[in-house]
Amino acid sequence: MSVRVSLFVLLVPFVLLGVTKICDAGLLSKNFYKKSCSQAENLVRDITWSKAQTDSTLGAKLLRVHYHDCFVKVSPRFSQGCDASILLDTVGTNQSEKDARPNLSLLGFEIIDDIKSQIEKVCPGVVSCADILALAARDSVSFPFKKPMWDVLTGRRDGRISLASDANGNLPSPFSDFNTLKQLFARKNLTVNDLVALSGAHTIGVAHCGAFSRRLFNFTGKGDTDPSINATYAESLKKQCPNPANPATTVEMDPQSSLSFDTQYFTTLNQNKGLFQSDAALLTDRVSATIVKQLQVPKDFFSEFGKSMKKMGAMEVLTGNAGEIRKNCRIVN
Ligand code: HEM
Ligand SMILES: *[C@@H]1O[C@H](CO)[C@@H](O)[C@H](O)[C@H]1NC(C)=O
Ligand SMILES: *[C@@H]1O[C@H](CO)[C@@H](O)[C@H](O)[C@H]1NC(C)=O
Ligand SMILES: *[C@@H]1O[C@H](CO)[C@@H](O)[C@H](O)[C@H]1NC(C)=O
Ligand SMILES: *[C@@H]1O[C@H](CO)[C@@H](O)[C@H](O)[C@H]1NC(C)=O
Ligand SMILES: *[C@@H]1O[C@H](CO)[C@@H](O)[C@H](O)[C@H]1NC(C)=O
């Protein structure tokens, strides 16, 4: 407590000077709402778990929404990482991040609304949408284990801007090669170890054919198949996603294991069955390929994934007096 107070006192002069860039990850803390809304974290968990019981894909959806929220930086003038800007609806002609790419299938927004409105009933204006998203992503993935799979620090505040235009440049694409992935992660102060561990999120969830069909049917523009993909796997993918791809078809990213948060992603990746070029790319660098092997050990994957999620969840967050606590996660106050 005293630490937070003294940090706050130190920051006041900067705020008065008009420095809006308060992004020290150190300002997030464990159980930030302990005094102001002690039920908050339990409410998020209970609501999330009750939804996860009937929707086994919820973990994949929310984890991806949280990742996109943290990676998309709206403008270099504002520090905006995990600030719930991904949850904003389009207002007027300003297309929001969420509506920018409908094929991203970033579903799971309704459950955030649900949690928010229940928390507002007990502690109005206290708990940020950005924290709710970070907690719900963790809790939905953790549901099958009945315990939190990683720590989530809290104290994030919500951003006031969402512009679709900048979403693309920040996010790696499924066609990215290793150096591109490494660079895009390095821009966020994330290491190759973080890149490999976080890619392990693809142990759950599904992808649309368009994200990888080029690898199957027209890799170099000559009607060929990516030689780095396991031939048996390529044949099975071609059956599931015949050319031209049906935009509505999805496949499991981690075959036969896409509902289990486990190390199967790394095992299949080692058999050259990574679905995207960006997954396969993790084998093209010596250091990265070594990490892919290490993370086949469950204990190592869970601990590394947890550490990297903690880092990702603290990227360029708004804390202190920056941003706001939104009343409704879809619109700025
Ligand atoms: C390394 C760079 C990454 C790339 C290029 C990438 C790309 C993609 C793409 C193209 C999809 C499929 C979307 C669709 O077709 O609907 C996807 C799905 C997914 N991604 Fe990633 N991703 C990356 C990293 C991450 C990270 C860091 C996380 C979380 C920590 C993550 C979590 C997920 C999840 C859970 C899904 C499944 C979503 C669902 O089933 O609804 N990804 N990703
Ligand atoms: C649209 O975005 C611009 C630039 O950030 C902002 O000045 C304007 O107020 C926004 N308009 C609406 C309707 O949100
Ligand atoms: C990365 O680290 C630098 C130096 O500490 C900092 O200025 C910058 O804001 C960090 N970037 C992110 C995305 O956290
Ligand atoms: C999403 O749609 C755009 C254009 O509508 C297309 O260029 C892109 O390949 C699609 N992405 C995926 C992953 O299907
Ligand atoms: C394959 O790629 C080439 C070069 O980009 C393109 O001209 C051709 O139309 C593609 N063929 C198919 C079947 O998509
Ligand atoms: C490709 O997949 C098959 C069948 O799942 C597996 O037995 C084989 O070891 C894999 N080949 C390579 C080169 O990884």
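Everything numeric here is computed off the predicted structure, so don't read it as measured data. When a ligand or atom number is given, it counts from 1 through the structure's own listing order. We use all heavy atoms of the structure for the numbers below, so side chains are in, but hydrogens, waters and symmetry mates are not.
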Give a yes or no on whether atom 7 (O) of ligand 6 lies under 4.0 Å from any heavy atom of the protein.
no
Distance-only N or O hit between ligand 1 and Leu181, under 3.5 Å:
no
Proximal ligand 1 atoms for [X], defined as those under 4.0 Å from one of its heavy atoms:
X	value
Ser173	5 (C)
Met253	18 (C), 19 (C), 36 (C), 37 (C)
Ser199	1 (C)
Ala207	12 (C), 14 (C), 15 (O)
Gly205	37 (C), 40 (O)
Ser278	5 (C)

Report yes or no: does [X] contribute a side-chain atom to a donor-acceptor pair with the main-chain N or O of [Y] at less than 3.5 Å?
X	Y	result
Gln39	Val122	no
Lys310	Asp151	no
Asp262	Thr203	no

Give me the residue, atom name and distance of the protein heavy atom closest to atom 5 (O) of ligand 6.
Lys273 NZ, 2.6 Å
Return the closest protein heavy atom for atom 11 (N) of ligand 6 as residue, atom name and distance.
Asn230 ND2, 2.8 Å
Could you say whether the N/O atoms of Glu316 and ligand 3 ever approach to under 3.5 Å?
no
Can Asp131 and Arg156 be said to form a salt bridge (charged side-chain N to carboxylate O under 4.0 Å, His left out), step by step?
CA-CA 6 Å; Asp131 279 342; Arg156 294 172 192 76; 2.7 Å; yes
Check the pair Thr154 / Glu41 against side-chain contact (heavy atoms from CB on, under 4.5 Å), numbers first and verdict last.
CA-CA 10 Å; Thr154 43; Glu41 296 201 8; 3.5 Å; yes
Evaluating non-hydrogen atoms only, which member of Phe185, Phe276, Phe305, Tyr67 is closest to atom 24 (C) of ligand 1?
Tyr67
Considering His202, Met309, Arg64 one by one, which has a heavy atom nearer to atom 42 (N) of ligand 1 than any of the others?
His202
At a 4.0 Å threshold, what atoms of ligand 6 neighbour a non-hydrogen atom of Gln271?
12 (C), 14 (O)
Element-labelled atoms of ligand 6 that are located less than 4.0 Å from some non-hydrogen atom of Asn272
13 (C), 14 (O)
Would you please say whether a donor-acceptor pair under 3.5 Å links the side chains of [X] and [Y]?
X	Y	result
Ser257	Gln264	no
Asp226	Ser228	yes
Asp139	Ser142	no
Thr225	Lys238	yes

Any carboxylate oxygen within less than 4.0 angstrom of a Lys/Arg side-chain nitrogen, looking at Glu120 and Lys116?
yes
Can you tell me which portion of His66 lies within the under-4.0 Å heavy-atom range of ligand 1? Options are side chain, backbone, both, or neither.
neither
